[in-house]
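Not measured: the values here are computed from a predicted model.
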Amino acid sequence: MGNRKKVIGYVSEKNPFTDRKAWSGTIFKIREGIENAGYEVKWICSRPNDVSKLLCKGIARLRYKHIKTNYNRQYSRLCARSINKSDYKGCDYLFVPCSACMLPYLPKDIPVIFYTDTTHRLMVGYYWKKKMPARTVEHGEKGERAGIHRATLNLRSSHWAAESVVKDYGYDPRKTYVIEFGANIDDSDLVPNTLKYTGGSVNILFSGVEWGRKGGDVAVETVRLLNEQGIEARLVIAGVRELPQQYHGLPYIEYVGFLNKNNPEQYRRYVKLWQEANLFLLPTQAECSAIVYCEASAYGVPIFTYDTGGTGDYVIDGVNGYKLPPTATAADFAACIRRNLNAASLQALHEGGLRLYKEKLSWSAWSRRFREIMEENGMGAD
């Protein structure tokens, strides 16, 4: 008999075998990635009952204003305690996405792989603009530090996040790795966009749920300026549930709205948007590791965005797009797009995106990298 496959217990409130929405579909795709790396995956459900959950969250809100669920240590302990001890049986390793604070409450005798896209230190004042009480920040920091140091391996989706693990929390750099996300679209639908720009109207895609953070106003102003400067440009807006009133009826905007990938018809519409786009514009103000960058590269659609957070691992200037400094205005975006609005430049960025996707922004690349990291640490699949 050959060696048995090593079993990874996937600790998550959401079912990684069926839930395609959790963490923008990443919970599901990571599970596929682990299996494709050669491991057997077992779901370890860490979901407390609804009454306990509401009670715990309510108490935390009273004690720590604006506390985020992932950094609520009492809630994390509740999640860990909701796991049946028998569920750990047969697990060689545990894999935990997102929730650092839960790690100290997991069995001490099983190695833990922790994977996420940021750290608590990076989020305060960046994503979380609202001023948080000192005790809330201290609570989150304490949980993050304990979780990071409980992990056998710390995996992050960008160098920005990985560097914080080492610099801000004093974790071993030899056990800290970068492994980028992939595109949350089925492989069969990732057929490169062959829509060549030969002049005339340019089709610009914007996709993001949070209008303010994703820079929706800057995107609209950029396209307005392009039209004013004699370039016929259309902005296709997806992801947003409600378009701000002042943009209704503008001739250069096509509002598609929020598209649910779990709905087959809406998923097909989303795929079609990528197949029809000449450019992808996302002037996002704060970003850890946007999956949408992977999707743009998978279709070979050039990206124009801000240089912020973990973006540098997903958008490489002159390869698959351009990152502008955080101080850049809509006029700067319009100028950058105008400079690259020619067949040669767009073709180079198209090919660069496809290459980058194949090398590191796909889930197959994720599987290869995950297996390498595990084997390097004596935690191979068999």
S.K.: Run the salt-bridge test on Glu375 and Arg371 with the 4.0 Å N-O cut-off and return the result as yes or no.
M.R.: yes

S.K.: Strictly under 6.0 Å, is that where the ring centroids of Phe280 and Trp274 end up?
M.R.: yes

S.K.: Could you identify which residues cluster with Leu106, counting Ile, Leu, Val, Met, Phe, Trp and Tyr as linked when any side-chain heavy atoms lie under 4.5 Å apart, either directly or through a chain of such contacts?
M.R.: Val11, Ile44, Ile83, Tyr88, Leu94, Val96, Met102, Leu103, Ile110, Val112, Phe114

S.K.: With side chains defined as the heavy atoms from C-beta onward, is the minimum distance between Phe28 and Trp23 less than 4.5 Å?
M.R.: no

S.K.: Given the rule that I, L, V, M, F, W and Y join up when any side-chain heavy atoms are under 4.5 Å apart, are Trp160 and Leu324 in one cluster?
M.R.: no

S.K.: Name all residues meeting the salt bridge (charged side-chain N to carboxylate O under 4.0 Å, His left out) criterion together with Glu221; count only those two or more places apart in sequence or in a different chain, and write none if there are none.
M.R.: Arg224

S.K.: Counting distance only, does the side-chain N/O of Tyr270 pair as donor-acceptor with the main-chain N or O of Ile185 below 3.5 Å?
M.R.: no

S.K.: If you define the side chain from C-beta out and look only at heavy atoms, does anything of Tyr105 sit under 4.5 Å from Cys79?
M.R.: no

S.K.: Verify, without hydrogens or angle tests, whether Ser76 (side chain) and Asn72 (backbone) share a donor-acceptor contact under 3.5 angstrom.
M.R.: yes

S.K.: State yes or no: do Val178 and Ile34 share one hydrophobic cluster built from I, L, V, M, F, W and Y residues joined by side-chain heavy-atom distances below 4.5 Å, directly or via other members?
M.R.: no

S.K.: Looking at Lys14, I want to see if its NZ is surrounded by more than 12 non-hydrogen atoms of other residues, nucleotides or ligands under 6.0 Å.
M.R.: no

S.K.: For Lys108, does the NZ atom have more than 12 heavy-atom neighbours from other residues, nucleotides or ligands under 6.0 Å away?
M.R.: yes

S.K.: Using the test ring pair (Phe, Tyr, Trp, His ring centres under 6.0 Å), find all partners of Phe95 that sit at least two apart in sequence or belong to another chain.
M.R.: Tyr10

S.K.: Output a table of donor-acceptor pairs, distance under 3.5 Å, between side-chain atoms of residues 138-145 and any protein atom two or more places apart or on a different chain; print 'none' if there are none.
M.R.:
| from | atom 1 | to | atom 2 | distance (Å) |
| --- | --- | --- | --- | --- |
| His139 | ND1 | Tyr64 | OH | 3.4 |
| His139 | ND1 | Arg73 | NH1 | 3.2 |
| His139 | NE2 | Arg73 | N | 3.0 |
| Glu141 | OE1 | Arg121 | NE | 2.9 |
| Glu141 | OE1 | Arg121 | NH2 | 2.7 |
| Glu141 | OE1 | Tyr169 | OH | 3.3 |
| Glu141 | OE2 | His120 | ND1 | 2.9 |
| Glu141 | OE2 | Arg121 | N | 3.3 |
| Glu141 | OE2 | Tyr169 | OH | 2.7 |
| Glu144 | OE2 | His120 | N | 2.8 |
| Arg145 | NH1 | Tyr169 | O | 3.3 |
| Arg145 | NH2 | Asp168 | O | 3.1 |

S.K.: For Trp211 and Phe206, I'd like to know if the aromatic rings sit close, meaning centre-to-centre distance below 6.0 Å.
M.R.: yes

S.K.: Identify, with sequence neighbours excluded, every residue that meets salt bridge (charged side-chain N to carboxylate O under 4.0 Å, His left out) alongside Arg31.
M.R.: Glu35

S.K.: Other hydrophobic cluster members with Leu54, side-chain heavy atoms of Ile/Leu/Val/Met/Phe/Trp/Tyr under 4.5 Å, chained?
M.R.: none

S.K.: When you look at CD of Glu242, are more than 12 heavy atoms from neighbouring residues, nucleotides or ligands closer to it than 6.0 Å?
M.R.: no

S.K.: Answer yes if the side chains of Thr26 and Ser24 hold a donor-acceptor pair under 3.5 Å, and no otherwise.
M.R.: no

S.K.: Would you find a donor on one side and an acceptor on the other, under 3.5 Å apart, between the side chain of Asn84 and the backbone of Asp87?
M.R.: no

S.K.: Among residues at least two apart in sequence or on other chains, which ones pass side chain to side chain contact (heavy atoms under 4.5 Å, CB included) with Lys323?
M.R.: Thr305, Asp307, Thr311, Val315, Asp317

S.K.: Lys360: what forms a side chain to side chain donor-acceptor pair (under 3.5 Å) with it, not counting sequence neighbours?
M.R.: Glu180

S.K.: Strictly under 6.0 Å, is that where the ring centroids of Trp128 and Tyr71 end up?
M.R.: yes

S.K.: Do Ser297 side-chain atoms and Gly300 backbone N/O form a donor-acceptor pair below 3.5 Å?
M.R.: no

S.K.: Can you confirm whether Ile231 sits close enough to Val202 that some side-chain heavy atom of one is under 4.5 Å from a side-chain heavy atom of the other?
M.R.: yes

S.K.: Got a sec, which residues hit side chain to side chain donor-acceptor pair (under 3.5 Å) with Tyr255, two or more places apart in sequence or on another chain?
M.R.: none

S.K.: Using a distance-only test with no angle check, is there a side-chain donor-acceptor pair under 3.5 angstrom linking Lys175 and Asn154?
M.R.: no

S.K.: Would you say the side-chain atoms of Gln266 pair up with the backbone N or O of Asn260, donor to acceptor, closer than 3.5 Å?
M.R.: yes

S.K.: About how many Å separate CG of Leu122 and OG of Ser164, when rounded to the nearest 0.5 Å?
M.R.: 3.5 Å

S.K.: Could you pull out every donor-acceptor pair under 3.5 Å between side chains of residues 329-336 and any protein atom, sequence neighbours left out?
M.R.:
| from | atom 1 | to | atom 2 | distance (Å) |
| --- | --- | --- | --- | --- |
| Thr329 | OG1 | Ala331 | N | 3.3 |
| Thr329 | OG1 | Asp332 | N | 3.3 |
| Thr329 | OG1 | Asp332 | OD2 | 3.1 |
| Asp332 | OD2 | Thr329 | N | 2.8 |

S.K.: Please report the shortest heavy-atom distance between Ala37 and Ser367, naming the atom on each side.
M.R.: CB-O, 3.6 Å

S.K.: Just by distance, do the side chain of Glu254 and the backbone of Tyr252 share a donor-acceptor pair under 3.5 Å?
M.R.: no

S.K.: Grouping I, L, V, M, F, W and Y whenever their side-chain heavy atoms are under 4.5 Å apart, do Leu273 and Val209 come out in a common cluster?
M.R.: no

S.K.: List in chain and number order the residues that pass salt bridge (charged side-chain N to carboxylate O under 4.0 Å, His left out) with Arg213, two or more places apart in sequence or in another chain; answer none if no residue qualifies.
M.R.: Glu210, Glu287

S.K.: Looking only at non-hydrogen atoms, find the nearest pair between Ala161 and Asp117 and report the distance.
M.R.: CB-O, 3.6 Å

S.K.: Judged by atom type as modelled, is there a donor-acceptor pair below 3.5 Å linking the side chain of Lys42 to the main-chain atoms of Lys89?
M.R.: yes

S.K.: Checking side-chain polar atoms at under 3.5 Å, does Trp363 have a donor or acceptor matched by the opposite partner on Asp187?
M.R.: no

S.K.: Below 4.0 angstrom, N of the basic side chain to O of the carboxylate: do Asp19 and Lys21 qualify?
M.R.: no

S.K.: Sequence neighbours left out, what passes side chain to side chain donor-acceptor pair (under 3.5 Å) with Glu163? Give chain and number order.
M.R.: none

S.K.: Could you walk me through whether Tyr267 and Asn263 pass side chain to side chain contact (heavy atoms under 4.5 Å, CB included), step by step?
M.R.: CA-CA 6 Å; Tyr267 171 76; Asn263 177 309; over 6 Å; no

S.K.: Do you reckon Leu153 sits in the same ILVMFWY cluster as Ile8, going by side-chain contacts under 4.5 Å, direct or chained?
M.R.: yes

S.K.: Would you check if the side chain of Thr176 reaches a backbone N or O of Asp172 as a donor-acceptor pair within less than 3.5 Å?
M.R.: yes

S.K.: Can you give me the closest heavy-atom contact between Gly38 and Ala381, atom names plus distance?
M.R.: O-CB, 3.4 Å

S.K.: Side chains of Tyr306 and Leu282: closer than 4.5 Å at any heavy-atom pair?
M.R.: no

S.K.: Identify whether the distance between the nearest side-chain nitrogen and carboxylate oxygen of Lys272 and Asp189 falls below 4.0 Å.
M.R.: no

S.K.: Is there a donor-acceptor pair closer than 3.5 Å between any side-chain N or O of Asn278 and the backbone N or O of Asn203?
M.R.: yes

S.K.: Do the side chains of Ile27 and Ile30 join up, straight or via other hydrophobic residues, at under 4.5 Å, putting them in one cluster?
M.R.: yes

S.K.: Look up atom CG in Leu205 and atom CZ in Arg234, then write down how far apart they are to the nearest 0.5 Å.
M.R.: 10.0 Å

S.K.: Is the backbone N or O of Val7 less than 3.5 Å from a side-chain atom of Asp92, with the two atoms forming a donor-acceptor pair by type?
M.R.: yes

S.K.: Could you verify whether a donor N or O on one side chain and an acceptor N or O on the other, from Asn70 and Tyr75, lie under 3.5 Å apart?
M.R.: no

S.K.: Answer yes if the side chains of Tyr126 and Thr308 hold a donor-acceptor pair under 3.5 Å, and no otherwise.
M.R.: yes

S.K.: Verify the ring-centre separation between Tyr115 and Trp366: is it less than 6.0 angstrom?
M.R.: yes

